[in-house]
Amino acid sequence: MPELPEVEVIRAGLAPVVSGRTLTRVRVLHPRPVRYHPAGPQGFAAELAGRTLTEPRRRGKYLWIPFEDGDALLVHLGMSGQFRVDMPDAPLRPNTRVLFDFDDDSRQLRFIDQRMFGGMQLSAGGAELPPQISHIALDPFAPDFDPETVARRLRAKRSTIKRSLLDQTLVSGIGNIYADETLWRCRLHYEQRNASLSQRRAVEVLSTAREVMTASLAQGGTSFDALYVDVDGAAGYFSRNLAVYGRQDQPCDRCGTPIVREPFMNRSSYRCPGCQHRPRRSLVAQ
DNA sequence: TCGTAGACCCGCTGCA
DNA sequence: GATGGGCGGGTCTACG
């Protein structure tokens, strides 16, 4: 569920909470979130204890907390993962999966995940960039992100635009919400062939994705429900600014045509039929 | 015809 | 009862 802006909000919220603190105890309440850790839940807990954390980092939707020793705790929030900061004696919220206690014995970090598509693992030598996510492309917020290069790669793919925007090995951080919002702003149908886009148009799409996510970040991200909140439990407000996502049957802000929801890749795509026309057959087939 | 790379789709899991 | 923001891996497909 969290896409780049939501993960960035969480990263920024974690920074003052974890930076410079030393873990004294880690408790894994459900094994699934640490399923990628080879040593299992007990090994995970034992290997983290005693480590000192530094400022959290992010690439796309992945988050990692480097340790002073050069390793890192790599985290993906999946569909429903969240970090919360609570006093150690506060009652556990439903679906709390992992507890992190620190040496100063004050606030406790808690990982909560309803559906448990997310997970975390110790990444050896992963402080700079965990090798587990070396295949994840730069996101549009990365200083080295080059829209021209990514646009060329995008146009070379024998695929369609929304699939490619969701392809985390091409450009990371974009999920279903921001893909739909980007395509609405660009007046593009999700089945538009990449090869049909000019270089300039492809760069425009990538720049627009960055703009949408920047605007969302300024609002604290997109929250539809309690599944996405920051480390203090606060919701983001960008859902008020969404043009198409989740707005089935409501009028398009641009032309008034009712927004439609259509099945796409086992989920949904929202678009305005008035200003995002289905590409002509010659552009769909190849 | 075969091997490889890229594209695509299923399944995971759980509750509001 | 339907729907949901995610990803990895198995399978399919296209191309050289």
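Chain naming here is simple, since letters A, B, ... match the order of the sequence lines and numbering starts at 1 in each.
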key: Flag, side chain of A/Arg247 to backbone of A/Ala243, donor-acceptor distance under 3.5 Å   = yes
query = What dot-bracket string describes DNA chain C from 5' to 3', counting Watson-Crick and G-U wobble pairs whose defining distances are under 3.5 Å, with [ ] for crossing pairs and | for pairs to another strand?
reply = ..||.|||||||||||
ask   = A/Leu4 has an atom CG; how far is it from atom P of C/dC7, in whole Å?
value = 11 Å
ask   = With a non-hydrogen cut-off below 4.0 angstrom, is A/Asn95 in contact with a base, only sugar-phosphate, or nothing?
value = sugar-phosphate
query = Taking atom P of C/dG6 as reference, at what distance in whole Å does atom CD1 of A/Ile174 sit?
reply = 11 Å
key: C/dG6 OP1/OP2 closer than 4.0 Å to side-chain N/O of A/Arg267   = yes
Nearest-nucleotide 5' precedence on DNA chain B, A/Asn266 against A/Ala156 = A/Ala156
query = What interatomic distance, in whole Å, is found between P of B/dT13 and the corresponding atom of C/dG9?
reply = 15 Å
key: Under 4.0 angstrom between A/His135 side-chain N/O and C/dC7 OP1 or OP2   = no
task = Measure the distance from CZ on A/Arg115 to P on C/dC7 and round it to the nearest whole Å.
result = 13 Å
remark   = Atom CD1 of A/Ile136 and atom C1' of C/dG8 are separated, to the nearest Å, by 10 Å
key: side-chain N/O A/Tyr245 vs C/dT3 OP1/OP2, d < 4.0 Å   = no
message = Rounded to whole Å, please give me the gap between CE in A/Met116 and C1' in C/dG8.
response = 18 Å
task = Determine the interplanar angle of the A/Phe238 and A/Tyr178 rings, folded into 0 to 90°, and report it as parallel if under 30°, tilted if 30 to 60°, perpendicular if over 60°.
result = tilted
query = Taking CG from A/Leu74 and P from C/dC7, how many angstroms apart are they, rounded to a whole number?
reply = 13 Å
task = Report the C-alpha separation of A/Ser196 and A/Gln192 in whole Å, then their side-chain angles, then the decisive distance to 0.1 Å, and conclude whether the side chain to side chain donor-acceptor pair (under 3.5 Å) test is met.
result = CA-CA 7 Å; A/Ser196 74; A/Gln192 189 77 40; 2.9 Å; yes
inquiry  = Return whichever of A/Ser268 or A/Gln132 has its heavy-atom-nearest nucleotide of DNA chain C closer to the 5' end.
reply    = A/Ser268
inquiry  = Under a 3.5 Å distance rule, please check whether A/Arg110 uses its side chain to pair with a backbone N or O of A/Arg84 as donor and acceptor.
reply    = no
inquiry  = Is A/His76 close enough to C/dG6 that one of its side-chain N or O atoms is under 4.0 Å from OP1 or OP2 there?
reply    = no
message = Measure CZ/A/Arg247 against P/C/dG4 and give the value in whole Å, please.
response = 17 Å
Side chain A/Trp184, main chain A/Arg271, donor-acceptor under 3.5 Å = no
key: A/Arg21 bridged to A/Asp104 by N-O distance under 4.0 Å   = yes
request  = Please work out if A/Phe238 contacts a base, only the sugar-phosphate, or nothing of the nucleic acid, heavy-atom cut-off 4.0 Å.
outcome  = nothing
ask   = Of all nucleotides in DNA chain B with an atom under 4.0 Å from a non-hydrogen atom of chain A, which is the first and which the last going 5' to 3'?
value = B/dA7 to B/dC15
key: Exam field: side chain A/Asn194 to backbone A/Ile161, donor-acceptor pair closer than 3.5 Å   = yes
ask   = Between atom OH in A/Tyr36 and atom P in C/dG9, what is the gap in whole Å?
value = 7 Å
Donor-acceptor under 3.5 Å (A/Asp230 side chain, A/Ala234 main chain) = yes
query = In this structure, which one of A/Arg58, A/Lys61, A/Arg59 forms a salt bridge (charged side-chain N to carboxylate O under 4.0 Å, His left out) with A/Asp139?
reply = A/Arg58
ask   = Sub-3.5 Å donor-acceptor pair from the side chain of A/Ser223 to the main-chain atoms of A/Gly236, do we have one?
value = yes
ask   = Does A/Arg261 make a side-chain N or O approach to OP1 or OP2 of C/dG4 shorter than 4.0 Å?
value = yes
